[in-house]
Amino acid sequence: MTERYVMSIDQGTTSTRCILFDHGGRLVSVAQREHRQHFPKPGWVEHDPMEIWRNLERIAPEALAQAGATADQVAAVGIANQRETTVLWDRATGVPIGRAIVWQDLRTGPLVDELARAPGAAAVTERSGLPLATYFSAPRVRWMLDHTPGLRERAERGEVLFGTMESWLIWNLSGGPDGGVHVTDVTNASRTLLMDLHTLTWDDGLLDFFGVPKAMLPEIRSSTETYGTARRVFPGVRIGAALGDQQAALFGQTCFSPGETKCTYGTGAFLLMNTGTTPVRSDNGLLTTVGYKIGDEPAVYALEGSIAVTGALVQWFRDGLGLIGTAPEIETLARGVDDNGGCYIVPAFSGLFAPHWRSEARGIIVGLTSYITKNHLARAVLEATGWQTREVVDAMNRDSGLSLRELKADGGMTSDNLLMQIVADVLNVPVARPMVVETVSLGAAYAAGLAVGYWAGLEGLRRNWHRAARWVPAMDPGRRAAEYDNWRRAVERTFDWIRAGENPGDAP
């Protein structure tokens, strides 16, 4: 019997990967290609959509060749993508309207400030579940329409299309100018500021507020359904899923029940908690978003907490201070002491994200004495990730009314066993790392496989999830409480950079 696979396309911020998974959820082959980062002005970040498309054309055959497989052995393809990155392109030619504006880009700051003062601004969060911020797609679309002569008129006629990266890839895969399907899924649509979180449809009031023509928008579909059949790259393969990358990780970690939570630890960290089929509004600095939607079933929602600096702090310790030669060395250094010696590092290099959202905060090291060594500093670096995780989890528990019982962790930092123990200690819950750490890609594959019947249901996917390691809390409760108090006092010090009489935006 010929082996059948599901292919995942992981279109990330720095690279695109194609991975083949088998029925057991095991990684069979992987091909990857990086794309260039463009920084034309301070605070501007761009990608070339055509470069990303050409990279996919190259790596998909490579992934098949590694497995000795052909396209007719692929049951379906699923896409996970960098969220909020904005692409506009010509419907007739398929040529992008300039480069894609990346989710990290800050050029829309003045526009967002202007919109925040406009009538109707309060309805943005109420309807979309998101704060009015440069992070999301709608201000970027508006900026491009305002700064490209004639573009708005073309968009109103439906000659120009908008999409996040999954829309761009699905459109090209399914034919491009020759009948390409223009769709997005609910998870990506929920990151635009344009979708009503309850109806899962484009909201006319939000479209009017941002000045975005409806004619340029993709059709919103569920996360797992057959959007169409590929006509390019792997002709005949069904395109069965699309999810934003962090929602794909939630799916890949099989967090299918309310309260189940995952955290992806990379340069930063993203925690998502499944909150069930009713969206939970956050009063504690979190984002309300769609977790996933399977076919005609009700959407499943999530609370999201974004931490700006986790792995980036280790990189700074290595490259900025030169105290280690490679990132893994920090664990060895930190294990040289039993505690942080009273030293805490708050890595607010460019402000703090969830649950504080204080852009004026700046990083700080407190508790320095002559007793402190580089070992203590290394431990404080790892503990900073633990305490930031604790802050977000506390906010999630308060908002959701649920109580975290176990954290499923993935991402590059999970290879640091001491860090995982620290996270378990500060959260006072077990932390589990799965056998397959490529959870973003696996989630997209799972969703696509469900759409075409390759996997029968969610319980089968749960059986595929296998734990590689588990850490249980071992910290004395009194010590945990005392150190958390110290951490929170250190965080408060990061806000002191607002000088009397100055606006937060003027802080150094």
Salt bridge (charged side-chain N to carboxylate O under 4.0 Å, His left out) between Asp22 and Arg4, intermediate numbers included: CA-CA 7 Å; Asp22 66 13; Arg4 299 273 284 170; over 6 Å; no
Test His47 against every option in Gln11, Gln37, His38, Arg99 by the side chain to side chain donor-acceptor pair (under 3.5 Å) rule and name the one that passes.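 For His47, the side chain to side chain donor-acceptor pair (under 3.5 Å) test succeeds with only one of Gln11, Gln37, His38, Arg99, which is Gln37.
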Checking salt bridge (charged side-chain N to carboxylate O under 4.0 Å, His left out) for the pair Arg221/Glu219: CA distance, chi angles, key distance, verdict? CA-CA 6 Å; Arg221 307 274 283 272; Glu219 179 186 357; 3.7 Å; yes
Apply salt bridge (charged side-chain N to carboxylate O under 4.0 Å, His left out) to the pair Glu62 and Arg33, showing each step before the final yes or no. CA-CA 11 Å; Glu62 291 176 13; Arg33 187 177 291 263; 3.8 Å; yes
Look at [X] together with [Y] and state whether they make a salt bridge at an N to O cut-off of under 4.0 Å.
X: Arg152; Y: Asp146; answer: yes
X: Arg238; Y: Glu225; answer: no
X: Arg17; Y: Glu438; answer: yes

If you take the centroid of each ring, where Trp contributes its six-membered ring, are [Y] and [X] closer together than 6.0 Å?
X: Phe251; Y: Phe256; value: yes
X: Tyr446; Y: Trp455; value: yes
X: Trp168; Y: Trp89; value: yes

Calculate, to the nearest 0.5 Å, the distance between atoms CG and CG belonging to Asp399 and Asn397 respectively.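 Going from the CG atom of Asp399 to the CG atom of Asn397 covers 9.5 Å.
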Enter the distance from Asp245:CG to Ser441:OG here, rounded to the nearest 0.5 Å.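 With rounding to 0.5 Å, CG (Asp245) is 10.0 Å from OG (Ser441).
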Please check if the number of heavy atoms outside Glu34 that lie under 6.0 Å from its CD is greater than 12.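 Open: at most 12 neighbouring heavy atoms sit under 6.0 Å from CD of Glu34.
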Would you find more than 12 non-hydrogen atoms of other residues, nucleotides or ligands less than 6.0 Å from Arg54 atom CZ?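 Enclosed.
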Should the pair Arg83 and Trp103 be classed as cation-pi, given the thresholds of under 6.0 Å to the six-membered ring centre and 45° from the axis?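 No.
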Derivation and outcome, salt bridge (charged side-chain N to carboxylate O under 4.0 Å, His left out), residues Lys214 and Glu156: CA-CA 7 Å; Lys214 197 169 190 175; Glu156 291 171 346; over 6 Å; no
Exactly one of Thr289, Asp185, Val290 should register a side-chain contact (heavy atoms from CB on, under 4.5 Å) with Gln247. Which one does?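 So, applying the side-chain contact (heavy atoms from CB on, under 4.5 Å) to Gln247 and each of Thr289, Asp185, Val290, only Thr289 qualifies.
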Determine the interplanar angle of the Tyr135 and Phe353 rings, folded into 0 to 90°, and report it as parallel if under 30°, tilted if 30 to 60°, perpendicular if over 60°.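 Answer is tilted, since the angle falls between 30° and 60°.
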